[in-house]
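For clarity, every value in this text was computed on a predicted model and none was experimentally measured. Each ligand, and each atom within it, is numbered from 1 in the order the structure gives.
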Amino acid sequence: MGSDRVLLICRDPIDVDEATALLNEAGYRVAKTLIVKHVKNPCYLGRGKLSEVKDIVKKLDVKKVFVFDELKPRHVTCLMKELRTEIIDKVLLILEIFDLHAGSKEAKLQIELARLKHQLPLIRDWLRRAKLRELPGFLGAGEYVVSAYYRHVRKRIARISRELEILRKRREIERSKRREYGIPHIAIAGYTNSGKTTLFNALTNLRKPTGTELFTTMNPKTYAVKICGARVAFVDTVGFIRKIPLEIIEAFRAVLEEITFSDAVMLTLDVSEPDELVLEKLDSSIRILRSIGAVGVPVVVVLNKIDLVPNPDRIGSMITKVSGYLRSTELNVVDIVPVSALKRINFDSLKDAICRAASVLNSSRHRMSTCLG
Ligand SMILES: Nc1nc2c(ncn2[C@@H]2O[C@H](COP(=O)(O)OP(=O)(O)OP(=O)(O)O)[C@@H](O)[C@H]2O)c(=O)[nH]1
Ligand SMILES: [Mg+2]
């Protein structure tokens, strides 16, 4: 867990809150925030900005600079050389947070794989520059050590990939076994902290950990219960964030497949947040569903935390805005249901919507004949 003061660099002011929340989650404190509109190669920052950042790093004595972006290896190399501080980008920070919450072997392996894959091009860049005599070596080590490390990283990546493939196959077998029993799977997906686990607990009567910190859930949980006369398995999943780097989606493919291969998705949104943010998070959630190949699945959009919205008109207007937005997407939306997972408000409507989503399955797959009965 980091405990340093960090200089935060963002390209868009809209990202500052999320970047700060992620930094705090990893145990860092933001010493200063800078907005950088234009990215200049090869050092990410233009000459003027670079010398401004150098001054800030010196004056505030920050040990790390966090760039809320996906940096290219040449950017990291150049920034490290110029600023003489550690450089963290979005991928590394998210992995640091995941690491704090990872309980299972699978989650740990996924994080290590993502980190190594992220490091590989950086090491390659250092090796190339060391050969060209542009740099003395990787973080002070000689060229021989760096190439030995490079080989080690590649071997480790191959090994972890094999181990993860075995775990992925095991998940696949478990899923198909449950399918043989005709139990539909409803994945609870959505932004981190939107209340997915609270909803999962309320529907299953379990007590899985919930919390205001980001990424409380790292390992998907599945539990089958009977609703409207049939058994349905609910799957709690790992949360989304805005503009999630593709590398992370790749590394977490096995757990995200729980959404891709589900029979219906409950997409949760935290409507206690400002309208603009709710719609932005809806947009990112849809992008992620698309990138994992889960857009054809029937979706129940769950507008959660309505107990925190004192004005009922706002809930009505939110439903209108969300449905207006959804019309322009390819999502197969069954219903939009406002609920409070914590206070269990409007659960009858929610269960009814889940049953209707399941009945969509039923008509297309001739399953769950008891659901609407
Ligand atoms: N007031 C209120 N708080 C809620 C509600 N649902 C969830 N919360 C709170 O929101 C926080 C996040 O809830 P979680 O269920 O852990 O959210 P999550 O989506 O599973 O989060 P990650 O696992 O981090 O992705 C917790 O503090 C919950 O108590 C709700 O309906 N009303
Ligand atoms: Mg959770």
Query raised in the report: What is the nearest protein non-hydrogen atom to atom 6 (N) of ligand 1, stated with its residue, atom name and distance?
Result: N304 ND2, 3.2 Å
**Report entry** Donor-acceptor pair between D69 and Y44 side chains, under 3.5 angstrom
**Finding:** yes
Report task. Starting at NZ of K305, measure out to CG of L199 and round the result to the nearest 0.5 Å. Result -> 11.5 Å
Query raised in the report: Is the shortest heavy-atom distance from the side chain of T268 to the side chain of Y191 under 4.5 Å?
Result: no
Query - Protein residue, atom and distance nearest to atom 13 (O) of ligand 1, heavy-atom basis - result: T198 OG1, 3.5 Å
Query raised in the report: Going by atom types only, do Y28 and E96 share a side-chain donor-acceptor pair under 3.5 Å?
Result: yes
Requested in this report: Give yes or no for whether the N/O distance cutoff of 3.5 Å, strictly under, is met between L214 and ligand 1.
Outcome: no
Query raised in the report: Out of T237, T217, T210, T216, which residue meets the side-chain hydrogen bond (donor to acceptor under 3.5 Å, both in side chains) rule with T197?
Result: T217
Report task. Enter the distance from R11:CZ to L34:CG here, rounded to the nearest 0.5 Å. Result -> 14.5 Å
Report task. Only heavy atoms count here, so choose which of K305, H101, R344 is nearest to atom 4 (C) of ligand 1. Result -> K305
**Report entry** Contact with ligand 1 for K343, non-hydrogen, under 4.0 angstrom
**Finding:** no
Query raised in the report: Would T210 count as a contact for the Mg ion (ligand 2), in the sense that one of its N, O or S atoms lies under 2.8 Å from it?
Result: no
Requested in this report: Give a yes/no answer: is there an N/O/S atom of T197 under 2.8 Å from the Mg ion (ligand 2)?
Outcome: yes
